[in-house]
Amino acid sequence: PRAWTGGIYDEARRDWLYPMDYNPSVKKQLQLKIWNKCRVECIGNSVRTFLNGKPAANLVDDLAPKGFIALQVHSVGKPEEAGKQIKWRNISIQTTNLKPTPPDNIFVVNLINNNLSEQEKKNGVQLLFDGKTTYGWRGAYKDKFPEKGWEIKDGELRVLGAEGAESANGGDIVTEKEYSAFILQFDFKLTDGANSGVKYFVTEKENNSGSAIGLEYQILDDEKHPDAKLGSIGNRTIASLYDLIPAIKEPRARRKIGEWNKGMIIVYPDGKTEHYLNGWKVVEYQRGTQYFYALVARSKYEKWPNFGMAPVGHILLQDHGNSVSFRNIKIQDLK
């Protein structure tokens, strides 16, 4: 029923790299009890899959440049699952005179740091952080990048620790540009007990003290930071819509502290919004519905008029006084 055939899964290492929630239109191509035609194209660091002639997954990855071809015998989790069959036929391979399939327009997962593939460029994806400079960013409520509290090192944009105080050291940073509908991707790495966040639809109109106001993808060490136990029903935990909607607690979406996580926020033109954590969709909501307004009314944001409903806004990386690293920050406008 999940229809993730054609997705790319990294067995016993990185889990899902390209789940079919990234390209849901191809799910309907899967046919049960009749033959499906699958194709895998690996040329250089490009890995693409096709299901019944339709592009399924598009991955850029340089971890394993060569390896075996394998057909899997999967474990049987429950007795009632025994007896199911997968049948194969027409298995062939070509290793010379390879010509890539012409570019498509599906979403690309690029695991090479601070890099855009040709397909991403064709899709309109842009780097928000080039791995070297602060170009495109400034301090929230400021006209230039903070002089302290942030550093760029080893291709990472790092907020430095300052005893956990909110926006008291370098302060938050925001994109110079504003965005309305988009796919925002970012990698983040936490230190023990760390707290941060990625906010969107930040307008800076509130002129408040502390962190600037906006919808927030929470970044948190759930085990050690006390904020995870505040709010309501876990709506301040990692990848949650902070203080509004708790993220689904999928264990496989969690990484150990000190390991890199892949976050993603998708805001569609109709206001539908999704949060992803390491390939798993963990939050889904619609801006501007009665449900959304009711959530705001019972949150810490109830005092801000039209919270979360700005038509455009900045992207914000939060300085919460803890050491957190970011990389691979990129955005694609959606029409």
Side-chain angles (χ1 to χ4, degrees), residues 1-112 115-125 183 185 250-253 262 264 266 274 276-281 332:
R2 187 175 62 181
W4 277 13
T5 295
I8 299 177
Y9 179 73
D10 192 12
E11 181 76 36
R13 290 191 298 195
R14 297 171 293 177
D15 210 83
W16 280 103
L17 303 181
Y18 199 111
M20 284 297 91
D21 282 345
Y22 286 174
N23 185 17
S25 65
V26 82
K27 291 184 178 184
K28 62 180 180 291
Q29 296 297 322
L30 178 63
Q31 304 172 93
L32 300 182
K33 299 184 179 180
I34 59 177
W35 289 101
N36 294 272
K37 193 162 203 58
C38 301
R39 183 167 175 267
V40 181
E41 178 181 290
C42 301
I43 301 177
N45 59 20
S46 173
V47 182
R48 299 169 67 186
T49 69
F50 301 82
L51 178 60
N52 295 320
K54 300 294 183 181
N58 192 320
L59 174 72
V60 181
D61 185 28
D62 60 357
L63 180 63
K66 63 180 180 179
F68 296 100
I69 305 299
L71 304 182
Q72 185 182 40
V73 179
H74 200 280
S75 63
V76 178
K78 301 175 183 178
E80 59 268 25
E81 294 176 347
K84 294 183 178 181
Q85 290 185 329
I86 302 285
K87 296 182 179 181
W88 313 82
R89 70 181 187 188
N90 298 334
I91 305 171
S92 61
I93 192 168
Q94 180 182 351
T95 59
T96 59
N97 300 317
L98 302 179
K99 295 182 179 180
T101 301
D104 50 58
N105 60 357
I106 69 171
F107 178 75
V108 177
V109 171
N110 187 343
L111 300 181
I112 298 177
N115 171 268
L116 290 178
S117 68
E118 290 304 313
Q119 179 67 57
E120 287 178 289
K121 294 175 184 177
K122 180 178 179 294
N123 290 351
V125 180
I183 302 174
Q185 302 176 67
E250 169 55 58
R252 289 165 60 186
K262 295 197 75 66
M264 184 164 69
I266 304 179
E274 300 169 341
Y276 286 80
L277 177 62
N278 295 316
W280 295 86
K281 183 163 64 174
Q332 176 184 349

*Could you check if a side-chain atom of Val40 sits within less than 4.5 angstrom of a side-chain atom of Ile69, using non-hydrogen atoms only?*
no

_Asp21 bridged to Lys27 by N-O distance under 4.0 Å_ = yes

*asked:* For Thr5 versus Leu51, what's the shortest heavy-atom pair and its separation?
replied: O-CD2, 3.8 Å

Could you tabulate the donor-acceptor pairs under 3.5 Å formed by side-chain atoms of residues 93-101, not counting sequence neighbours?
residue : atom : partner : partner atom : Å
Gln94   : NE2  : Thr96   : O            : 2.9
Gln94   : NE2  : Asn97   : O            : 3.3
Thr101  : OG1  : Arg39   : NH1          : 3.0
Thr101  : OG1  : Glu41   : OE1          : 2.6

_As an exercise, state the distance from OH of Tyr9 to CG of Leu17, rounded to the nearest 0.5 Å._
9.5 Å

*So, for Pro19 and Gly279, which heavy atoms are closest and what is the spacing to 0.1 Å?*
CG-O, 3.0 Å

*In Å, rounded to the nearest 0.5 Å, how long is the span from CG of Asn58 to OG1 of Thr49?*
8.5 Å

*Considering all heavy atoms, the nearest Ala57-Gly6 contact*: CB-O, 3.5 Å

*May I ask you to test the Leu111-Leu63 pair for a side-chain heavy-atom distance under 4.5 Å?*
no

_Please give me the minimum heavy-atom distance between Val47 and Cys42, naming the atom from each residue._
CG1-SG, 4.0 Å

*For the pair Asn23 (side chain) and Ala56 (backbone), establish whether a donor and an acceptor sit closer than 3.5 Å, ignoring hydrogens and angles.*
yes

*Please report the closest heavy-atom contact between Asp104 and Pro55, naming both atoms and the distance.*
OD2-CB, 3.6 Å

*Measure across Leu116 and Val125 and return the closest heavy-atom pair with its distance rounded to 0.1 Å.*
CD1-O, 3.5 Å

_Does any part of the side chain of Met20, heavy atoms only, come nearer than 4.5 Å to the side chain of Leu30, both counted from C-beta?_
no

*For the residue pair Phe107 and Tyr18, does the interplanar ring angle fall in the parallel (under 30°), tilted (30 to 60°) or perpendicular (over 60°) class?*
tilted

*Any chance you could measure Ile106, atom CD1, to Phe50, atom CZ, to the nearest 0.5 Å?*
7.5 Å

*Can you tell me how far NZ of Lys84 sits from NE2 of His74, rounded to the nearest 0.5 angstrom?*
11.0 Å

*Could you tell me whether the side chain of Gln185 reaches within less than 4.5 Å of the side chain of Tyr276, counting heavy atoms only?*
no

*Kindly compute the distance separating CG (Asp10) from CG (Asp61), expressed to the nearest 0.5 Å.*
7.5 Å

*Out of curiosity, Ile8 CD1 to Arg48 CZ, how far, rounded to the nearest 0.5 Å?*
11.0 Å

_Students often mix this up, so state it plainly: with edges at 30° and 60°, are the rings of Trp280 and Trp4 parallel, tilted or perpendicular?_
tilted

*Please determine, by modelled atom types, if Asn123 and Gln332 share a side-chain donor-acceptor pair under 3.5 angstrom.*
no

*Report yes or no: does Gln29 contribute a side-chain atom to a donor-acceptor pair with the main-chain N or O of Val26 at less than 3.5 Å?*
no

*Does Lys122 NZ have over 12 foreign heavy atoms under 6.0 Å away?*
yes

*Kindly say whether Lys262 contributes a backbone atom to a donor-acceptor pair with the side chain of Asn278 at under 3.5 angstrom?*
yes

*Do side-chain atoms of Asn52 reach the backbone of Lys37 as a donor and acceptor pair under 3.5 angstrom?*
yes

